[in-house]
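Just so you know, ligand 1 is whichever comes first in the structure, and atom 1 is the first atom listed for that ligand.
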Amino acid sequence: MIVFCVFCVVLGIGSFVRTSENQQTWMMLRNGLKTYQSRVYQKLSRTYKTSGIPELTQERHNVKRGNYAVLTDKDVGFFESVVGSNHTIKEKDELQSYNVDFLRSVRGNSQLVLKPGSVDEVSTILKYCNDNKIAVCPQGGNTGLVGGSVPVCDEIVLSLQRLNKVLSIDEVTGIAVCESGCILDNLEQQAKEVGLVVPIDLGAKQSCHVGGNLSTNAGGLRVLRYGNLHGSCLGVEAVLANGEVLDLMSGFKKDNTGYHLKHLFIGSEGTLGIITKLALLCPPAPKAVHVAFLGISSFDDVLKTFVSAKRHLGEILSSCEMLDANSLAASLEHFDTKSPVDGYPFYMLIETSGSNEAHDAEKFNTFLEIGMESGEICDGTITSDPGKVKEIWSLRERVPLALINDGYCFKYDISLPLRRFYEIVEVLEKRVGKMSLRVCGYGHLGDSNLHLNVSCKEYSNELYKAIEPFVFEYTSQLKGSVSAEHGIGFLKTKYLGFSKPQNAINMMKSIKQLLDPNGILNPYKVLQ
Ligand code: FAD
Ligand code: MLT
Ligand code: ZN
C-alpha cells in the first residue's frame with residue numbers, strides 16, 4: 001500500500017523511504033532536505049596562480065606552430081585603434097586567465113586579447129587578421145571543456161564579452177534576440193520576466209555566453225525536453241574570416257529558402273566564423289516543476305525507471321539525469337553537504353515541467369508508485385518547492401566542479417547505446433586502478449550522453465595514456481559518439497575519425513577551406 005505520494009508532492013517536499021524491504025510500505029519524512037549552499041549557481045571563477053597551471057599546450061602535445069604571422073607592434077597599434085587600448089590586454093598576468101581553460105588542461109601563449117564592442121569592430125579585426133595571416137581564437141565565457149576556447153600557440157584572443165546585450169524578447173512570438181557575448185543566465189532572467197524560458201540550461205550558465213553555447217551546440221540539462229540548439233536557434237549573425245558580415249537572422253521557425261547556413265555556425269566551435277548575434281525561440285516558462293532524486297540499486301533498474309518515466313510522465317518529462325555513487329560522493333565531499341538519499345550505487349534526478357500542478361503531481365505519483373511497487377526505485381525525495389528544486393539540482397550540477405577540485409580531471413563526454421551505457425565506467429575503473437582517485441559516470445541519461453570522468457591529484461601522462469585512445473576505441477566499437485555535447489575543440493581532434501567517416505571529414509575540410517582559406521579562425525581545433 002503506497003501512502004505518501006499525492007500528499008508529499010502537493011506539500012512541496014517529501015522524502016520517502018522504504019521502511020522494510022519486504023513490505024511495500026513507504027513513509028514520508030516531512031523534515032525533508034537540509035538547506036544546501038547553492039555554490040554551483042555562483043559565477044564560475046578560477047584563480048590563476050603560477051603553481052597549478054598546466055604546461056604550455058604546444059609543449060605537452062608537441063604542436064607545430066602553423067605558418068601564421070608573428071604579432072608586431074604595428075599590428076597591436078592597429079588593433080588598439082579599432083577597439084581602444086582600454087579594451088586590449090597585453091600584460092602577462094592579465095593574459096593568464098584568457099590563455100588557460102577552465103579545466104586547466106591546456107595553456108596557450110597569446111600575447112594579446114581584444115575585446116571588440118560592436119560587430120563592425122569584429123569585422124575590422126578579422127579583415128586585418130585575414131589580410132595579414134594572423135591567427136585568432138574566439139572566446140566566450142571560457143567554460144568550454146575540450147580546450148577549444150583558449151589559444152594553442154600565440155593566436156590572438158578575440159573575446160566577445162563586451163557584446164553582451166539582450167536586444168529584444170517578444171512575449172508573443174517567444175523570440176529572444178541577443179548579442180553573442182550575453183551571459184546565459186542574464187538572458188534566462190530577462191526571459192523569465194515575460195514568462196518565457198531559455199531552452200538551454202547548464203551548470204556553467206552564470207559564466208558561459210549564449211554565443212559560446214551556440215558555437216559548441218551545448219546540450220545541457222533539458223535537451224530531452226527542448227531539443228538542441230540546431231532546433232531552437234532561429235538565426236545568427238556571423239562574421240566570416242575575411243571580415244564579411246553574414247546576416248542569417250530570422251524571426252521564423254519555418255524558412256526553407258535554400259541551404260540553412262546558420263547550422264554551419266552552430267557547433268563549429270569558432271572555426272568557420274564568429275557569431276555576433278542570435279535569435280532563440282523560447283518556450284513558455286513551466287508553471288509547475290517537480291523534481292525527484294531517486295536511489296536505485298542496479299543499472300538495469302535505472303533503465304527500467306527511465307522507460308517508465310517516459311511512459312508515465314510523457315509530455316511533462318523535462319529531464320532525466322543519472323549519477324553513480326562515485327559522482328555523488330565527489331559532490332558531497334567537496335561541497336561538504338549531505339544527500340537526502342544515500343547508500344545506493346545509482347541515483348536518478350527526474351524533473352517534470354508542466355502547466356498544471358495537480359495534474360503533474362498525479363502523474364508523478366503514479367510513476368513513483370509503479371517504480372516502488374516493482375522495486376526498481378528503492379528510495380527517494382520529491383519536491384516542487386523552487387528553493388528545494390534548486391538544492392536537488394545542485395547535487396547533480398556540482399559534480400563537474402567537485403571532480404576538478406580533486407586535482408585534475410580527464411573528461412569524456414560520449415554518446416552510447418543505452419543498454420551498454422554504463423559498462424565503460426566499470427571497465428575503465430579496472431583498467432586505470434590506483435592511478436586515479438575516482439572513476440565515475442554521470443550525465444544526461446535521457447539523451448544517451450554519459451560523462452565519464454577520471455580524477456587524480458595532478459596531471460599524469462601515464463594515466464592519460466591508459467585512458468586514451470582506449471575510451472574512444474571502446475566508444476567507436478559501440479557505434480557511439482566521441483563527443484555528445486562538449487565538442488572536439490583541441491583535445492579530441494585526433495579522435496574525430498572514430499565517429500565520422502573520412503569522406504565526411506573531407507567535406508568538413510572543404511567547408512573550412514571555403515569559409516576560411518587562410519585558416520586563421522581557431523586553428524588546431526576540430527580538424528587536424
Ligand atoms: P567558450 O568556452 O569561451 O568557447 C567554447 C568554443 O566556442 C570555443 O571553441 C570558442 O572558440 C568558441 N566560441 C565562443 N564564443 C564564440 C562566438 N561568439 N563565435 C564563435 N565561436 C565562439 N556543455 C554542455 O554541452 N552541456 C553541459 O551540461 C555543460 N555543463 C557545463 C558545466 C560546467 C560547470 C562547465 C565549466 C562547463 C559545462 N559545459 C557544458 C561546457 C561548455 O561547452 C559550455 O559551458 C558552453 O557552451 C561554453 O560557452 P562559453 O561561452 O564558455 O564558450
Ligand atoms: C555536465 O553535464 O555537468 C557538463 O556537461 C559538464 C561535465 O561533463 O562535467
Ligand atoms: Zn553535460
Evaluating non-hydrogen atoms only, which member of [options] is closest to [atom]?
atom	options	result
atom 2 (O) of ligand 2	R396, E321, E485, R398	R396
atom 20 (C) of ligand 1	C137, S215, S483	S215
atom 29 (C) of ligand 1	L202, V150, V223, L521	L202
atom 36 (C) of ligand 1	F102, F265, F490	F102
atom 45 (O) of ligand 1	T143, D101, I404	T143

Exercise. What do the steps show when you test E188 against N186 for side-chain hydrogen bond (donor to acceptor under 3.5 Å, both in side chains), and what is the final call?
Worked result: CA-CA 5 Å; E188 171 72 38; N186 294 349; over 6 Å; no
Exercise. How about E468 and Y495: does a side-chain donor come under 3.5 Å of a side-chain acceptor?
Worked result: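 The criterion, which ignores hydrogens and geometry beyond distance, is satisfied for Y495 and E468.
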Problem set entry | Polar side chain donor-acceptor pair, E485 to H444, under 3.5 angstrom |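 Side chains of E485 and H444: pair found under 3.5 Å.
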When you compare ligand 1 with [X], is there at least one nitrogen or oxygen pair between them that comes in under 3.5 angstrom?
X	result
G144	yes
G141	yes
N213	yes
S207	no

For this session: Spell out the protein N/O/S atoms under 2.8 Å from the Zn ion (ligand 3) as residue plus atom name.
Result: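 Correct list: H444 NE2, H451 NE2, E485 OE2.
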So is [X] touching ligand 1 or not, going by heavy atoms under 4.0 Å?
X	result
G219	yes
H444	yes
S268	no
H486	yes

Exercise. Crowded around M249 CE? As in, over 12 foreign heavy atoms under 6.0 Å?
Worked result: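 Atom CE in M249 is packed in, count exceeds 12.
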Exercise. Charged N to carboxylate O under 4.0 angstrom, R396 versus E351?
Worked result: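 Salt bridge flag = no for E351 with R396.
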Problem set entry | Enumerated ligand 2 atoms positioned under 4.0 Å from heavy atoms of H444 |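 Here the atoms of ligand 2 in question are 2 (O).
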What do you reckon, are the aromatic ring centroids of [X] and [Y] less than 6.0 Å apart?
X	Y	answer
Y442	Y347	no
F410	Y408	yes
H486	H451	yes

Heavy-atom contacts under 4.0 Å between [X] and ligand 1: side chain, backbone, both, or neither?
X	answer
T216	side chain
I275	both
T276	neither

For this session: Give a yes/no verdict on whether any heavy atom in E397 is under 4.0 Å from an atom of ligand 2.
Result: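 In this structure, E397 fails to qualify as a contact of ligand 2 - no heavy atom is under 4.0 Å.
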Problem set entry | Proximal ligand 1 atoms for S180, defined as those under 4.0 Å from one of its heavy atoms |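 Listed by number with element: 18 (N).
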For this session: Measure L145 to ligand 2 on non-hydrogen atoms and call it side chain, backbone, both or neither using the 4.0 Å cut-off.
Result: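 Near ligand 2, L145 shows its side chain, while the N, CA, C and O stay back.
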Judged by atom type as modelled, is there a donor-acceptor pair below 3.5 Å linking the side chain of [X] to the main-chain atoms of [Y]?
X	Y	result
N217	I266	no
R431	A466	yes
N522	G148	yes
D185	K205	no

Exercise. Could you walk me through whether L272 and L521 pass the side-chain contact (heavy atoms from CB on, under 4.5 Å) check?
Worked result: CA-CA 7 Å; L272 298 181; L521 282 176; 5.8 Å; no
For this session: Indicate the atoms forming the closest heavy-atom contact of K133 with N518, along with that distance.
Result: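 Result for this residue pair: CE-O, 3.9 Å.
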Exercise. To the nearest 0.1 Å, how far is atom 8 (O) of ligand 2 from its closest protein heavy atom, and which atom is that?
Worked result: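 Closest protein heavy atom to atom 8 (O) of ligand 2: H486 CE1, 3.0 Å.
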Exercise. If you measure every N/O of N453 against every N/O of ligand 2, is any gap under 3.5 Å?
Worked result: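 No, there is no polar N/O contact under 3.5 Å.
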